[in-house]
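These numbers come from the heavy atoms of this one structure, side chains and all, not from hydrogens, waters or symmetry mates.
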Amino acid sequence: MGLDLTLFMADWQQLSAIPVEHRIKALDDTTWPPELDDEYQCRYGLTGGWLWPPDPGSAWCAEYDFSTTTGAYSPHARVGDAWADIRLLVDASVREAMDTFLDGLIWDADPADDPALTGSEGFFPPATDRGRPRVLLVCPPQATPGKAYAWERVEPRLEELRGPFAAECEGWAGRPDSFEDFTALLREWGDVAMETARRGWGLVGLP
């Protein structure tokens, strides 16, 4: 079985009030309360791609439903790998903005410098604790405005990536099937960044 990605946006103030060792479970339990049946879970609270808890008092976090994936992590990794392939072929201003946008989400400028590997500097349990799931990505509230601003710079220029994508990625295994697939998932991440920054919240990706 492959790795999945479940992405949450969360109010960091509310999340920080929960003991560190319970924060990951709190995200899951708040968005998908175990007492609700599957049919009800499939129907409630999906607004603009966000799945909200049925209890308004628990609306301090929401899960994003990526319409272009089946919940697997691999499509996100393929987009990150495609960007790594083409980034040196695009205009420097686009490259700088896309680097800022994707770094720490689905692409790492320096994979060794990954806060998720250490629990985001103590905000989550460290990955060395085998009894707890590791965090795939963490984007704290202070970083989301920068992501949103970078996306605003990149989005109008996505078409400039078509040629580099065709040259380096099209038809290759481990890359998005088409340029349209590549940009569709980027646009979903753009929506995520804009909404999270608007709220002043952060992002957490769990397997």
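With Arg199 contributing its side chain and Asp11 its backbone, the two residues share no donor-acceptor pair below 3.5 Å. The closest donor-acceptor contact from the side chain of Arg87 to the backbone of Asp99 lies at 3.5 Å or more, if one exists at all. Under the 3.5 Å distance criterion, the side-chain polar atoms of Thr183 are matched with a main-chain donor or acceptor of Glu180. Side chain of Thr196 to main chain of Ala193: no donor-acceptor pair is present (N/O by atom type, distance under 3.5 Å, no hydrogens or angles). Not one N or O on the side chain of Arg153 forms a donor-acceptor pair closer than 3.5 Å with the backbone of Val94.
Annotation: ring-ring contact (aromatic ring centres under 6.0 Å, His included) contacts of Trp201 (sequence neighbours excluded): none. Listed by chain and number, the residues in a ring-ring contact (aromatic ring centres under 6.0 Å, His included) with Tyr73 amount to none (sequence neighbours excluded).
In summary, the aromatic rings of Trp189 and Phe66 are positioned with their centroids under 6.0 Å apart.
Minimum heavy-atom separation, Val154 to Ala97: CG2-CB, 3.4 Å. Across all non-hydrogen atoms, the minimal contact from Trp107 to Ala84 is NE1-CB, 3.7 Å. Of all heavy-atom pairs between Glu160 and Asp91, the closest is OE1-CB, 4.4 Å. Nearest approach of Thr100 to Lys147, heavy atoms of both residues: O-NZ, 2.7 Å. The two residues Ala72 and Pro75 make their nearest non-hydrogen contact at O-CD, 3.3 Å. Contact record, Pro176 with Ala82: CD-CB, 3.8 Å, taken as the closest heavy-atom pair.
You'll find the side chain of Trp172 stays beyond 4.5 Å of the side chain of Asp81, heavy atoms only. The shortest side-chain heavy-atom distance between Arg23 and Val204 does not fall under the 4.5 Å cut-off. No side-chain heavy atom of Val192 sits under 4.5 Å from any side-chain heavy atom of Trp151. In this structure, the side chains of Trp83 and Ile106 stay at 4.5 Å or more apart for every pair of heavy atoms. Annotation: side chain of Val90 is not in contact with side chain of Arg157 (no heavy-atom distance under 4.5 Å). At a threshold of 4.5 Å between non-hydrogen side-chain atoms, the residues Leu185 and Thr68 count as touching.
At a threshold of 4.5 Å between side-chain heavy atoms, the hydrophobic network of Ile, Leu, Val, Met, Phe, Trp and Tyr places Phe182 and Leu89 in two separate groups. A chain of hydrophobic side-chain contacts below 4.5 Å, direct or via other Ile, Leu, Val, Met, Phe, Trp or Tyr residues, connects Met194 to Trp50. Tyr149 and Leu105 are assigned to two separate hydrophobic clusters, defined by single-linkage of ILVMFWY side chains at heavy-atom distances under 4.5 Å. Following chains of ILVMFWY side-chain contacts shorter than 4.5 Å, one can reach Leu203 starting from Leu3, so the two form part of one hydrophobic cluster. Using a 4.5 Å cut-off between side-chain heavy atoms of Ile, Leu, Val, Met, Phe, Trp and Tyr, with links allowed through other members, Phe8 and Phe123 fall into the same hydrophobic cluster.
Rounded to the nearest 0.5 angstrom, Thr6 OG1 and Ile24 CD1 are separated by 11.5 Å. Here the NE2 atom belonging to His22 is positioned 9.0 Å from the NZ atom belonging to Lys25, to the nearest 0.5 angstrom. Annotation: the span from Glu63 atom CD to Leu27 atom CG amounts to 10.0 Å, rounded to 0.5 Å. Taken to the nearest 0.5 Å, the CG atom of Leu51 stands 12.0 Å off from the CG atom of Leu7. Interatomic distance, CH2 of Trp12 versus CH2 of Trp60, reported as 10.0 Å (0.5 Å rounding). For the atom pair CD1 of Ile86 and SG of Cys169, the computed distance is 5.5 Å after rounding to the nearest 0.5 Å.
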Go through it in stages, so that I can follow the logic: the residues are Leu102 and Leu186, the test is side-chain contact (heavy atoms from CB on, under 4.5 Å), and I'd like the CA-CA distance, side-chain angles, deciding distance and then a yes or no.
CA-CA 9 Å; Leu102 293 182; Leu186 285 176; 3.8 Å; yes

Could you check Leu206 against Val135 for side-chain contact (heavy atoms from CB on, under 4.5 Å), going step by step and ending with a plain yes or no?
CA-CA 5 Å; Leu206 301 179; Val135 177; 4.1 Å; yes

Any chance you could lay out the side-chain contact (heavy atoms from CB on, under 4.5 Å) test for Met98 and Leu158, step after step, and finish with the verdict?
CA-CA 10 Å; Met98 187 72 87; Leu158 286 177; 4.1 Å; yes

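A donor-acceptor contact closer than 3.5 angstrom links the side chains of Ser67 and Glu188.
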